[in-house]
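Data first, discussion second: the structure below is written as structure tokens.
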Amino acid sequence: MSEQRHKSAPLTPARLEELALAYVARFATTQGKLRAYLQRKVQERGWSEDADCGVSPAAPVIEALVEKFREAGYVDDVAWARMKSGSLSRRGYGARRVAQALRHAGVDAQGCEEAAPGRSVQAEAAVALARRRRFGPFSREVPDRPLLEKQLAAMLRAGHGQTTARHVLEAQDEAALDEWVEVLREEDREGI
């Protein structure tokens, strides 16, 4: 028994705008992600105009829609980057992994810089990861050297700097980490 799919009609500029509006209404997104979504829809369904030229005739329409939605405030790369940066930091990811995720989503260098977590947020993220994974002072047992190296490697893969990771893993107890984070938080407030 063969199943036939209903082939949708090729997209028009009006239908593409409807798809874009539905997408931004449903998802917080970046200009790059919106552009990729619209390009994918045009590839899937085709374009209603003549496609003989080398560049897709939908490309100028897509760019105009992305710009229109940016100007209307439906798409705000910096706001999205701040939201994503905070979310990833709370999950324990370091500044390097946060920046990587933002670049992957199409956020430009300025947006990445504006959304970059401060030193205290980076420290909180490292502590959160250590707590969740039971590293360092959160461990149930004193780790031997091979286990400590594995924990360090995991923290580095999560995007934390070696100095931060070592500080967390070598801390005596949770209170020492809380004090360290508080010192960094105060320095961030003072702009040091």
Side-chain angles (χ1 to χ4, degrees), residues 16-42 58-133 135-136 152-169 171 177-192:
L16 193 63
E17 185 170 359
E18 289 173 11
L19 287 173
L21 191 57
Y23 184 77
V24 298
R26 186 169 180 197
F27 303 106
T29 191
T30 64
Q31 294 175 52
K33 290 176 102 177
L34 176 60
R35 185 177 296 110
Y37 169 77
L38 295 175
Q39 289 168 342
R40 187 173 65 249
K41 288 300 173 186
V42 168
V61 176
I62 290 172
E63 288 306 316
L65 282 173
V66 170
E67 183 61 23
K68 177 181 177 180
F69 282 33
R70 185 196 61 77
E71 288 175 0
Y74 298 156
V75 178
D76 184 347
D77 283 6
V78 174
W80 185 88
R82 286 184 180 132
M83 179 268 314
K84 188 69 170 178
S85 174
S87 172
L88 291 172
S89 293
R90 285 186 298 277
R91 289 176 39 201
Y93 288 103
R96 188 172 37 83
R97 282 288 298 273
V98 169
Q100 181 182 17
L102 298 180
R103 284 191 308 271
H104 181 72
V107 177
D108 63 9
Q110 180 185 354
C112 288
E113 188 176 317
E114 287 184 37
R119 288 179 11 166
S120 63
V121 174
Q122 291 178 46
E124 289 171 357
V127 171
L129 178 66
R131 181 177 283 122
R132 190 178 74 237
R133 301 277 306 270
F135 291 168
L152 178 63
M155 292 194 74
L156 294 176
R157 282 191 306 274
H160 298 287
Q162 188 163 3
T163 304
T164 301
R166 284 193 184 282
H167 190 91
V168 170
L169 293 174
L177 288 175
D178 291 340
E179 184 178 314
W180 173 62
V181 169
E182 191 55 44
V183 167
L184 291 176
R185 191 175 294 133
E186 190 61 37
E187 288 176 1
D188 282 351
R189 278 189 219 120
E190 292 174 4
I192 296 176

Do you know the tightest heavy-atom contact between R82 and A115? N-CB, 3.6 Å
What's the separation between atom CZ in R131 and atom CD in E124, rounded to the nearest 0.5 Å? 10.0 Å
So do E179 and E182 actually touch side chain to side chain, heavy atoms under 4.5 Å? no
For R185, does its backbone N or O pair with a side-chain atom of R119 as donor and acceptor, under 3.5 Å? no
For the atom pair CG (D77) and OG1 (T29), what is the distance rounded to the nearest 0.5 Å? 8.0 Å
Distance in Å, L156 CG paired with R96 CZ, rounded so as to fall on 0.5 Å steps: 7.0 Å
Side-chain heavy-atom pair E17, K68 within 4.5 angstrom cut-off: yes
Non-hydrogen atoms of G111 and V78 that approach each other most closely: CA-CG2, 4.1 Å
More than 12 non-hydrogen atoms from neighbouring residues, nucleotides or ligands closer than 6.0 Å to OH on Y74, yes or no? no
Would you say R133 has more than 12 foreign heavy atoms packed within less than 6.0 Å of its CZ? no
Atom CG of L102 and atom CD of E113: how far apart are they, to the nearest 0.5 Å? 12.5 Å
Would you call E63 and R35 a side-chain contact if the rule is heavy atoms closer than 4.5 Å? yes
Measure the NZ-OG distance between K84 and S89 for me, rounded to the nearest 0.5 Å. 11.5 Å
If only atom types and distance count, is the side chain of H160 paired as donor or acceptor with the main-chain N or O of G92 below 3.5 Å? yes
Just do the side-chain contact (heavy atoms from CB on, under 4.5 Å) check on D76 and R70 with the steps written out, would you? CA-CA 6 Å; D76 184 347; R70 185 196 61 77; over 6 Å; no
Contact between Q31 and L34 at the side-chain level, heavy atoms closer than 4.5 Å - yes or no? no
May I have the list of side-chain donor-acceptor pairs in residues 18-28 shorter than 3.5 Å, sequence neighbours left out?
unit_1, atom_1, unit_2, atom_2, d
E18, OE1, R15, NH1, 3.0

Can you name the closest pair of heavy atoms from R103 and C112 and give their distance? CG-SG, 3.9 Å
For residues A101 and L88, report the shortest heavy-atom separation together with the two atoms involved. CB-CD1, 3.6 Å
Value for CH2 (W180) from CG (L177), rounded to nearest 0.5 Å, stands at 7.0 Å
Closest contact, heavy atoms only, T30 versus A105: OG1-O, 2.6 Å
With the side chain counted from C-beta on, respond yes when V107 and W80 share a heavy-atom pair under 4.5 Å apart, and no when they do not. yes
Between V75 and V66, is any pair of side-chain heavy atoms under 4.5 Å apart? no
Note: V121 and D188 closest approach over all heavy atoms is N-OD2, 4.4 Å
Any chance you could lay out the side-chain contact (heavy atoms from CB on, under 4.5 Å) test for I62 and L16, step after step, and finish with the verdict? CA-CA 8 Å; I62 290 172; L16 193 63; 3.8 Å; yes
Counting N and O atoms only, with roles assigned by atom type, does the side chain of S85 sit under 3.5 Å from a partner on the main chain of A116, one being a donor and the other an acceptor? no
Side chain of R91, backbone of G86: donor and acceptor closer than 3.5 Å? no
